[in-house]
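Data first, discussion second: the structure below is written as structure tokens.
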Amino acid sequence: MSKRDLVVNDFCITFSTVNGSGSATANTTLMRALFKMGIPVSSKNIFPSNIQGLPTWYTLRLSKDGYMGRVEQDDIIVAMNPATLHKEVQYLAPGGVLLLPDDLNFVNTRDDLIIYRMPVKKLIKDAEVPPSLRDYISNMVYVGVLCFLLGIDLDLIHQALDFQFKGRQKPIDQNFHMVEAAYVWSKQNLEKKDPYLVEKMDGTDDCIMTDGNTAGALGSIFGGVQFTGWYPITPATSLAESLIEYLPKYRVDPETGKDTYAIVQSEDELAAIGMAIGAGWGGLRSMTSTSGPGLSLMSEYIGLAYYAEVPVVIWDVQRVGPSTGMPTRTAQGDLTQANFISHGDKNMIILIPGSIQECFEFGWRAFDIAERLQTPVIVLSDLDFGMNMWTSKKFEYPDQPMDRGKILWEDDMEEFMAKHGGEWGRYRDVDGDGIPWRTLPGNRHPKSGYFARGTSHNEDTGYTEDPEKWETIFKRIANKFETGKQYLPKAIADESQKATLGIIASGSADPAVQEARDLLAKQGIKTDYLRIRSLPFDTEVEDFLKKHEQLVVLDINRDGQLNQLLTMTYPVYSEKTTSLAHLDGLPLNAKWVEKQILSLLEVK
Amino acid sequence: MSKRDLVVNDFCITFSTVNGSGSATANTTLMRALFKMGIPVSSKNIFPSNIQGLPTWYTLRLSKDGYMGRVEQDDIIVAMNPATLHKEVQYLAPGGVLLLPDDLNFVNTRDDLIIYRMPVKKLIKDAEVPPSLRDYISNMVYVGVLCFLLGIDLDLIHQALDFQFKGRQKPIDQNFHMVEAAYVWSKQNLEKKDPYLVEKMDGTDDCIMTDGNTAGALGSIFGGVQFTGWYPITPATSLAESLIEYLPKYRVDPETGKDTYAIVQSEDELAAIGMAIGAGWGGLRSMTSTSGPGLSLMSEYIGLAYYAEVPVVIWDVQRVGPSTGMPTRTAQGDLTQANFISHGDKNMIILIPGSIQECFEFGWRAFDIAERLQTPVIVLSDLDFGMNMWTSKKFEYPDQPMDRGKILWEDDMEEFMAKHGGEWGRYRDVDGDGIPWRTLPGNRHPKSGYFARGTSHNEDTGYTEDPEKWETIFKRIANKFETGKQYLPKAIADESQKATLGIIASGSADPAVQEARDLLAKQGIKTDYLRIRSLPFDTEVEDFLKKHEQLVVLDINRDGQLNQLLTMTYPVYSEKTTSLAHLDGLPLNAKWVEKQILSLLEVK
Amino acid sequence: MATPVPNPAIQNVNKVGLSKADYKGLPSTLCQGCGHNGIAAQIVAACYEMNLVPEKVVKFSGIGCSSKSPTYFLGRSFSFNGLHGRMPSLALGGMFADHTLKAIGVSGDGDTASIGLGQFKHMVRRNLPMVYIVENNGVYGLTKGQFSATAERGLQLKKQGTNPYLPVDIAMEALISNATFIARSFAGDPRQVKELLKAAIAHNGIAVLDIISPCVTFHNHENSFHSYSFGKEHEEPLHEISYVPPKEDITVEDFEEGTTREVVMHDGSQVVLKKLEKEYDPRDRWQALHMLEEAHSHDWLVTGLIYVDPEVPSLFDIYNIPATPLNRTPNSKLRPSHEALDEINRLMF
Amino acid sequence: MATPVPNPAIQNVNKVGLSKADYKGLPSTLCQGCGHNGIAAQIVAACYEMNLVPEKVVKFSGIGCSSKSPTYFLGRSFSFNGLHGRMPSLALGGMFADHTLKAIGVSGDGDTASIGLGQFKHMVRRNLPMVYIVENNGVYGLTKGQFSATAERGLQLKKQGTNPYLPVDIAMEALISNATFIARSFAGDPRQVKELLKAAIAHNGIAVLDIISPCVTFHNHENSFHSYSFGKEHEEPLHEISYVPPKEDITVEDFEEGTTREVVMHDGSQVVLKKLEKEYDPRDRWQALHMLEEAHSHDWLVTGLIYVDPEVPSLFDIYNIPATPLNRTPNSKLRPSHEALDEINRLMF
Ligand SMILES: Cc1ncc(C[n+]2csc(CCOP(=O)(O)OP(=O)(O)O)c2C)c(N)n1
Ligand SMILES: Cc1ncc(C[n+]2csc(CCOP(=O)(O)OP(=O)(O)O)c2C)c(N)n1
Ligand code: SF4
Ligand code: SF4
Ligand SMILES: [Mg+2]
Ligand SMILES: [Mg+2]
């Protein structure tokens, strides 16, 4: 094979297994080794909503250019699950590689494939692994074979295993020996016929490898989270579980040995949000994490927090709805619900991280915003970010001190009252920005107490049905969101190509869009790009809309929800805008985006 | 006073009392008498969210032209509550009338008022009413005085009391004697100085007097409601309570003596909607009624019904939100929530009755639509319709037989399968309209059973995570709503004035808009009018938008929610559209609408 | 329409002419060894032996591994797999459509005792006729191992730490909500599970079955209340039950220690109790309370029929609904006449 | 900052220098004669006599006439009037902000036993330190007279017909959810209400007070369990309680029929019980269960301190939180260091 036919650091491997078979260790070990080689690598885990025995696909994408989006075609497939083999073969690229156990019954219907058979049973037998661990460790066979085929240094595998098992020698050895044996066997028995190779590079300098739920949890910890009420739900569970894991490490007060936080697993989502709102009202940096069905259950309570002006952060790690839908598939389908959640008029602040790094950043920033504006902040992540492993830029230390917003303790009270004619009222707009000053329970100042409520109230929290008083509060709150826009992460525009075509997207649609733009650029098609990071939209969004002759809005949902909200807010640009919405449970891929845009341009 | 200064059948009386004081009987007695005289009359009850002792205002509007909207100014005020007297006086029109008990301390700050003092205490004492009934019956004093002042025949009062007390002589007599006594006293002691008079007319032929919740309940009964799960909440409670009242009268099977319906008061709204959906799935015409907070709690379940394709009718009698807000005030604030309720993409059918008669009509029609389309139907009424008494056109008997949609019983199954290759699948689109055929539990055909679920399923209800199968179902459902538009009540356009200005409104905004149009017409300003009656919008809405040079959309909420949804759907017309949104808890009034439109035209 | 008729030519069929295969569902997708699988198998067996017609059964469930169970039995029956913790309301509404059906609900401990406690208790209070099975493993299986409200105090889970709360006792909850049938069993004891299921099926009213059903994947520590190892040891069978179908009407009047006692079910069928050591009368609410409280203080796992009262009117007995299912009411009986509307219009004043 | 200091010059002040007026709220907007009003008055009295500082109390409620009560007492305290049936979660979160506060929650029977049953039971299970008062009238007052879940069977209401269900017994529910303090009283017996309130305030853990509080407007039939007329007749006081503040430490060891018995509260204060006819030990869970079950079968209204266990760790004892309120934690302790993030970045692989 000539050098120029080789494919180096730019291909895709899918591991097809059944869930519960323990392949995760093998797959992440490989991923870690590749990461260590400096190759940008990302994974997509397509798993069923059950615990054991159903088909699972784990895809590793190596991309020297740093692309992280899902790809439709696989270059290499490691087929461990006979039940789905026929399907996998369809997804193999022309000339692709199929690795399969030698006892797997397979009738090849394609003549372009390169097939390697692995003597899994024999190798594991020779390795004398305890019977209870056999199934688990047999996955290491394909690790060894791939190391040979792709050229991965076994040392790196050892390092990865060492990390995985936190230095415990026994499992490291057991697994590593299996890898070695498979490697040796491959070397002796396989002839490499395929073009896929890996090489060291410097694509992961300053990078880490992690998932969005871990990032969100750590971001929250650096945001000073003090209270979490949560209820398990896929794919949000690991966010709260990461809090449970990391908080004891980083948030025990060294002086007192006491926790500076509390986590409560509640009985359901109504209670989770109720607790979080109670704590937010009490002055704690408070959050909950959930997914679609949980968000729906939180509707009533979120309205209370909005109207009683209680800061609280709600992570919605989206999965495919409506209803229970596909709990283990990704979507951006909760956007319009989040925007219009709860009865009556309201304003919602929505943050949409567009990378793992931003999951961390919005983790802390959400608290600043919630406390500054005294209102719920919904962070819309999704399963693709939340549960998949990504190569990401390192987490960055918050570049701003914590903004606790307008809080009055005992002494502040005195000062405040001295300045304001001896008076304070919980919902008075003394600063003209729509944001009142709040006190917290436990404040011993005899004038600090107030009566929070979801019922109509005047500026001093008294119940009222007076139309004018109602309107005063209600309009002030609306105003708060106007002046509050300055605190939100701005949409990011890349207008470097000075294009007439502008693409708009958000969240986990980003990687596919980035890649699609490059694909288009190669064909001479210029695009500008605006990545929305928060709602309500601000001027930079309108600027972008105004500037471009043609606009495309990408959505990972059926109804084009981001486009719906943009249209509602900026209808005048809708005529030049096309909604590209797609939902099938899988992360967006660049090829699809490219194709859609190309066909759009053709039509024009 | 010269004849031409008289004001006949065209004024407004407000009774200011405290709630729980029993003034309702007096007020409705007067209203009934006026109705009997053929005078179009409507009432607005502005009451607090408590049970006893707080200020309440009950306004009777007499309008020879049939206007039913709220008016800002009162012509006559009956002031029984000293606590609010100072306020009432502000609302009196120039030269207005004030009736007050003679022992009420009142310093008059206006010189234009006509004041009559009533010896309430004395009259009640003379009447020898049992002490426990005194407070209650003393309200009849102002009835008697008004009868004298306005010229209401005491006979009509007697008829009204007879109706009220269902012929029971004792309370009729007790109350009537008081009225008489007051009348006699007035005749002897009062000199009429004001211009307000009533006269018989023919404005209530073919009319009834009722409220929207009663109408909705009766409409549901004529729609064949079989199951109601409900939970009390103001202002929806009386809808379910009307079902409890009327169902036993009209829906007991005369053959068996058995009920053809069941009503369950549930433990909360999650259970109410759950029950209703269970029953709808089981094949019953099933409904629930609630208000904002309850609707929020139903979010998750509504998504299940949408995706499992279960017919169910949800009445949301709107009050002022967000949160608990003002439970006894009216609003149209749940529109966007209803449209985007529940997580994930979905389509919602929303019906918005625009009159009491339509509350009845949509009561039965909602079931036809829900069953035809196998989906939740949300009926958005509000407190103004739901709890106020209106003069309305008579209820009309349904002009269509019940449409039970596509249901297969045992024999149908056989037929169906014979036609369709021996197969049936719950979610197969055999007719190409997106609406599949359903079977009902209890069907004994061994192929009729299926597995309903909120999880992703294929056409035969099997669980699937297959992207294509997911999309098949999901796009078919979207299509169902496209073809389903034909079953929805069309928006009604009045283009008789051939105007360039088009007004769009819905629901209880209608009476104020109707009146405002006449006010504008008198000033030479022509308007066309489109009343939206359902969502999703259909072509007639777009036609209207297209046709008019200038558009105004009226909303009884803060954010202009109807306008938001119109904008989202038809953005190209937004440039010529102005949102007129107003929310202070009170029904819309024509003067405000007129003023807004005038100032809009001035600006232009 | 094809109602199955007994075909004597076919072997291994029951009195309604169906073979056991007619009661099966799809193959399980739960973990191997999951207690829930065994319960599904016993539901199949019980329904077969009770001669139920699958079309006369309707299945309900919430969300969880347990709540997937209806997929694995009675594939021909109607079924509704609803929302997490909110199955009771769905079932109540569904059963009003055809109250002549037999309802079988399957839930988990998270589904019933955590998120669903309110709906569970209110359903019990209404005496909805339904076999309500809680496949109780003290853990959230489907979301991979968090504490449920029935997790015992001190239980340790991998990612969650130690559970500080006392468990919710489902049988006790049912009892004080005036359930009319309460039993507890253990998925590892298929015979008892089946017999209790049969008794529950025969009961006209809510029949709560709290079946300890170990989660092999996330909750199988040696010291756990809900795991097999513990269950087998600490289980203390209260009495043995064997179900006697209506046709073979056996009544045992005499009832002393070591002998049997019948409880007549509402449909005329009977449950035969075989007493073990203790004198135990499941019709005595007070004794049931006593027994549960004692078990509570001793950390015992007592199985058997804990309480039954076949006399209490069920939800549908309280309502004045017709014998024919409501969902078969002809339209003509649903829309009142023109005259009725005229009368109403006259009344609206 | 102005902490109130005792001013001996002012008469009628308590040990923290406050007069009763300092414990008052706004004038009631409830109906005249509503049982809830009396309870609010006793809360004022109890807090005054217990020398609570209003700023150290935080009030919570749901939605209902009852849930409006916090408006009518302790006007200086922080308060959160939350959502219908979901106050427990709100209170739990709020109390984590400052667990040194005394929480007083007021709910109704609809709020607690209908919509709120799940949250109520889970709150109890967690032993959240809070005085949780149910103003129990068996009816939905604010929505004008529908059955709540504590309405007795057979009750007739104007628009609703006859209630077919057995009532939820709030004390029993609390007991089997392992509440650590359970009492029942009657709004018409202000003295007992006050004494029980004082005992509840002194308790460190959940203190459930089920106070029968007649709705004069919608639920005052002569035959009703919750109305005054009935209450006064059928009420059967279990024992009298008088609260002894910590400073006057009286201990009575001897305890026989007709004498008194002390239960030592967590904060060192004591509740003195005066036994009536029956021997009753409120520390005996079994006896409590027995007594409630007996009352249940006799349709009795038993008042008094039903159960208390001052030893059980409260929710906040279980958590490793600092003595200083969490909401006073300085920002510096909330954001980990740069080094910590470096370490984390190294670990992310
Ligand atoms: C509203 C909602 N919240 C959370 C979830 C996620 N969820 C699915 S199953 C489950 C717990 C199931 O536990 P259990 O009922 O004990 O069943 P098991 O899996 O143990 O059999 C949870 C929390 C959900 N589906 N819906
Ligand atoms: C989610 C929701 N559903 C319904 C209501 C309407 N609602 C207000 S108070 C109430 C019942 C209150 O009953 P209870 O708790 O017994 O209090 P009471 O008025 O009898 O003191 C209801 C149903 C509401 N506010 N919120
Ligand atoms: S995870 Fe546990 S409960 Fe779920 S299927 Fe596996 S063993 Fe059963
Ligand atoms: S309605 Fe009943 S509960 Fe409400 S304030 Fe009046 S008496 Fe009290
Ligand atoms: Mg479980
Ligand atoms: Mg009540």
Side-chain angles (χ1 to χ4, degrees), chain A residues 46 48-49 270 291-293 295-297 299-300 303-304 306-308 316 318 320-329 331 333-334 336-337 339-346 453-456 465 467-468 470-471 474-475 478 557-559 561 564-565 567-568 571-572 574-575 583-586, chain B residues 46 48-49 291-293 295-297 299-300 303-304 306-308 316 318 320-329 331 333-334 336-337 339-346 453-456 463 465 467-468 470-471 474-475 478 557-559 561 564-565 567-568 571-572 574-575 583-586:
Chain A
I46 311 292
S49 175
L270 282 87
S291 190
L295 187 67
S296 287
L297 285 173
S299 298
E300 190 194 14
L304 173 69
Y306 167 74
Y307 187 52
D316 173 18
Q318 297 165 98
V320 174
S323 198
T324 310
M326 293 195 283
T328 59
R329 296 289 188 272
D334 300 349
T336 44
Q337 166 173 56
N339 196 64
F340 292 108
I341 201 161
S342 218
H343 55 284
D345 301 280
K346 65 259 126 182
R453 53 166 97 242
T455 38
S456 169
E465 289 162 351
E468 276 169 40
W470 161 264
E471 278 194 282
F474 212 42
K475 288 185 173 165
N557 51 50
R558 187 192 67 179
D559 295 337
Q561 300 186 8
Q564 286 180 317
L565 297 179
T567 302
M568 215 185 71
V572 289
S574 71
E575 263 180 304
L583 180 70
D584 62 2
L586 302 173
Chain B
I46 311 293
S49 176
S291 190
L295 187 67
S296 286
L297 285 174
S299 298
E300 190 195 15
L304 173 69
Y306 167 74
Y307 187 53
D316 174 18
Q318 296 165 96
V320 174
S323 199
T324 310
M326 292 195 283
T328 59
R329 295 290 188 269
D334 300 349
T336 44
Q337 166 174 55
N339 196 64
F340 292 108
I341 200 161
S342 216
H343 55 285
D345 302 281
K346 66 260 124 181
R453 51 165 99 245
T455 39
S456 167
Y463 181 73
E465 289 161 351
E468 278 169 38
W470 160 264
E471 280 194 282
F474 212 43
K475 288 186 172 164
N557 52 51
R558 186 191 68 181
D559 295 338
Q561 299 187 8
Q564 286 180 317
L565 296 180
T567 303
M568 213 185 74
V572 288
S574 72
E575 263 180 303
L583 181 70
D584 62 3
L586 302 174

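Each chain gets a letter, A, B and so on, in the order the sequences are listed, and its residues count up from 1. This one's a predicted model, so the numbers in the text were calculated from it and none came from an experiment.
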By a 4.5 Å heavy-atom criterion (distance strictly below it), what part of A478(A) contacts chain B: side chain, backbone, both, or neither? both

Per-residue contact mode, L295(A) against chain B (heavy atom under 4.5 angstrom): neither

Pair count under 4.5 Å, heavy atoms only, with chain B: among K475(A), M568(A), R558(A), highest is R558(A)

Tell me, side chain or backbone of E471(A) under 4.5 Å from chain B's heavy atoms, or both, or neither? side chain

So, S342(B) side chain and S299(B) main chain: donor-acceptor pair closer than 3.5 Å or not? yes

Once salt bridge (Lys or Arg N to Asp or Glu O under 4.0 Å) is applied, do any residues pair with R329(B), and if so which ones, sequence neighbours excluded? E465(A)

Any donor and acceptor pair, going by atom type alone, linking the side chain of D559(B) with main-chain N or O of D345(A) inside 3.5 Å? no

For chain A, find which of V320(B), L583(B), I341(B) contributes the most heavy-atom pairs closer than 4.5 angstrom. L583(B)

Can you list everything that forms a ring-ring contact (aromatic ring centres under 6.0 Å, His included) with Y307(B)? Sequence neighbours excluded, please. H457(B), W470(B)

Residue, of A331(B), S291(B), P293(B), A308(B), that accumulates the most heavy atom pairs under 4.5 Å with chain A: P293(B)

Interface moiety of I46(A) toward chain B, non-hydrogen atoms closer than 4.5 Å: neither

For each of P322(B), G333(B), G321(B), tally heavy-atom pairs with chain A at distances under 4.5 Å, and name the one with the top tally. P322(B)

With a 4.5 angstrom heavy-atom cut-off, is it the side chain or the backbone of Q564(A) that approaches chain B, or both, or neither? both

When rounded to the nearest 0.5 Å, the distance separating CG of N339(B) from CG of D334(B) is 12.0 Å

Hey, which of V572(B), T336(B), T567(B) has the most heavy atom pairs under 4.5 Å with chain A? T336(B)

Between S456(B) and M326(A) the two heavy atoms that sit nearest each other are CB-CG, 3.2 Å

As an exercise: rank L565(B), L586(B), T324(B) by heavy-atom pairs under 4.5 Å with chain A and give me the winner. T324(B)

Checking heavy atoms, do the side chain of Y306(B), its backbone, both or neither come under 4.5 Å from chain A? side chain

Could you check which of G454(B), P327(B), P48(B), G303(B) has the highest count of heavy-atom pairs closer than 4.5 Å to chain A? G454(B)

Donor-acceptor under 3.5 Å (E300(B) side chain, L297(A) main chain): no

Is any side-chain heavy atom of Q337(B) closer than 4.5 Å to a side-chain heavy atom of K346(A)? yes

In terms of heavy-atom pairs under 4.5 Å, which option from H343(A), R453(A), Q561(A) contacts chain B the most? H343(A)

Part of S49(B) lying under 4.5 Å from any heavy atom of chain A: both

